[in-house]
Amino acid sequence: MNHPRIRLILGACALATCSIASAVVTRHDVASERYVVAASAFPQLVDMPGVGHGVLIAPDWVVTAAHTIQGEVRAVTIAGQERAVARVVVHPGYRAMPQDMIDRALASQDGTEAMAFLTANHDIALLRLRAPVSDVRPIPIYTGGKEMGRVVELVGKGATGTGLTGVAPDSPQRGTLRRGYNRIDRVEDRWISVTFDRGRKAHRLEAMSGSGDSGGPLLLRQGGRMMLAGLTSWQNGNPDLGQPPSRYGQGTVAVRLSHYAGWIAEVQAQAEPAA
C-alpha cells in the first residue's frame, strides 16, 4: 500500500504503508532554495531507520512519534553518525491503527474515522541510547503550556512540494534538509496544530509537513533559546483521501510535549545510568 494521502492522514499506522511526516512543503511563490539549510542548522535532528525523525533531548535520550517505531530499532543517526539504541519506551496509551480501519478509509476515500482514532491516541516514544552523545548539544523541551499563537520552525528531510499542488509524488521521503515556519493556531490537551496559510496570513517562509518525517520537530523560541514544542504526528483539515496532501488550508497536528513532560521525566528518572 503506497497511497500518498493515506500516508499523510493516517500517521499512527504502520510507517511502511501510511506514514506522515514533517518535511517542508513550501509556498508556491517563494523559491524552494530559500528553505534549504545545512545539517548544522539543527544537529539535534535524529534520523530513524528507514524514514521518520526524532529529536535529541538529553545526551542519551531521543524523543519521537511512536508510529515511527517499526520493529526492532537497533540504531539511529545523529549528526551523520550511527548511534546504538539500548531501549525503546513507547507511551502506554499508544495504539497502532487497525488494518481494517485503514482498509475502510482507502475504500471509501474518507479519513474521518481514522482522524478520530488519531485524536484519541498518544503518539510518543522515547529511545535510550547506549552511550551519551558528546558532539551535539540536546535541545530542551518547552514546558510552559502557552503555545497558542507562537511562531514555530519546522525542520525535516522528507518529501516536498508547494501549497498549490501538495506533496510532489516523486519527491524522496529522505532528502534535502529544509526549514520553514508556521504559527500554532490550535492547542488541545495532547496536541498542537498549525495550518498551511497563504496570502497575508502566511509567514514569508510558510511551510507545511510532508511525507517521510514523522517525529520531526516544531521549535519555538523562548527566552532567547530554541525549545522543542512538538513532534509532527498526522495531518488534518480535509478528510477526503482523494485530494492531494499538504496543500494550502490543510493542517499538521503535532504531539504537544508540554503535556508529556511529566511522563518523559518519569521514564528518564527510572532508567539506569548510561554506560
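- Minimum heavy-atom separation, Trp263 to Ala125: CH2-CA, 4.3 Å.
- Partners of Phe196 according to the ring pair (Phe, Tyr, Trp, His ring centres under 6.0 Å) rule, which considers only residues two or more places apart in sequence or in another chain, are Tyr248.
- Between the side chain of Gln235 and the backbone N or O of Ser246, at least one donor-acceptor pair lies under 3.5 Å.
- Closest approach of Val30 and Arg204 over heavy atoms only: CG2-O, 3.6 Å.
- The two atoms that bring Tyr181 and Leu154 nearest to each other are C-CD1, 4.3 Å, heavy atoms only.
- Side-chain atoms of Asp197 and Thr195 form no donor-acceptor pair, as typed in the model, at a separation below 3.5 Å.
- Between Arg186 and Glu188 there is a salt bridge, since at least one side-chain N of the basic residue sits less than 4.0 Å from a carboxylate O of the acidic one.
- Checked by atom type, the side-chain pair His67/Ser214 shows a donor-acceptor distance below 3.5 Å.
- With hydrogens and angles ignored, the 3.5 Å screen pairs a side-chain donor or acceptor of Arg183 with a backbone N or O of Gly149.
- Residues Leu129 and Leu56 are in side-chain contact: their nearest non-hydrogen atoms beyond the backbone lie under 4.5 Å apart.
- When atom types are taken as modelled, the side chain of Arg179 and the backbone of Val24 share no donor-acceptor pair closer than 3.5 angstrom.
- For CZ of Arg137, the number of neighbouring non-hydrogen atoms (other residues, nucleotides, ligands) closer than 6.0 Å is 12 at most.
- Arg178 places no side-chain N or O within 3.5 Å of a backbone atom of Lys157 that could act as its donor or acceptor partner.
- Of all the heavy atoms in Val133 and Ile78, the pair that sits closest is CG2-CD1, 4.1 Å.
- Electrostatic pairing of Arg198 and Glu206 does not count as a salt bridge here, judged by no charged N lying under 4.0 Å from a carboxylate O.
- One distance of note links NE2 of His259 with CH2 of Trp191; it measures 9.5 Å at 0.5 Å rounding.
- Here the closest heavy-atom approach between residue Val194 and residue Asp185 is recorded as CA-OD1, 3.8 Å.
- A side-chain donor-acceptor contact under 3.5 Å links His122 and Arg190.
- Annotation for Phe117 and Met101: closest pair CB-SD, 3.7 Å, computed over non-hydrogen atoms.
- Under the 4.5 Å side-chain contact rule for hydrophobic residues, Leu205 and Val36 do not share a cluster.
- Between the Tyr35 side chain and the Val25 main chain, no donor and acceptor come within less than 3.5 Å of each other.
- Judged by distance alone, the side chains of Asn182 and His203 never bring a donor and an acceptor atom under 3.5 Å apart.
- Side-chain atoms of Asp110 do not come within 3.5 Å of backbone N or O of Ala105 as any donor-acceptor pair.
- Of the charged side-chain nitrogens involved, none lies within less than 4.0 Å of a carboxylate oxygen, so that Asp47 and Arg83 do not count as a salt-bridged pair.
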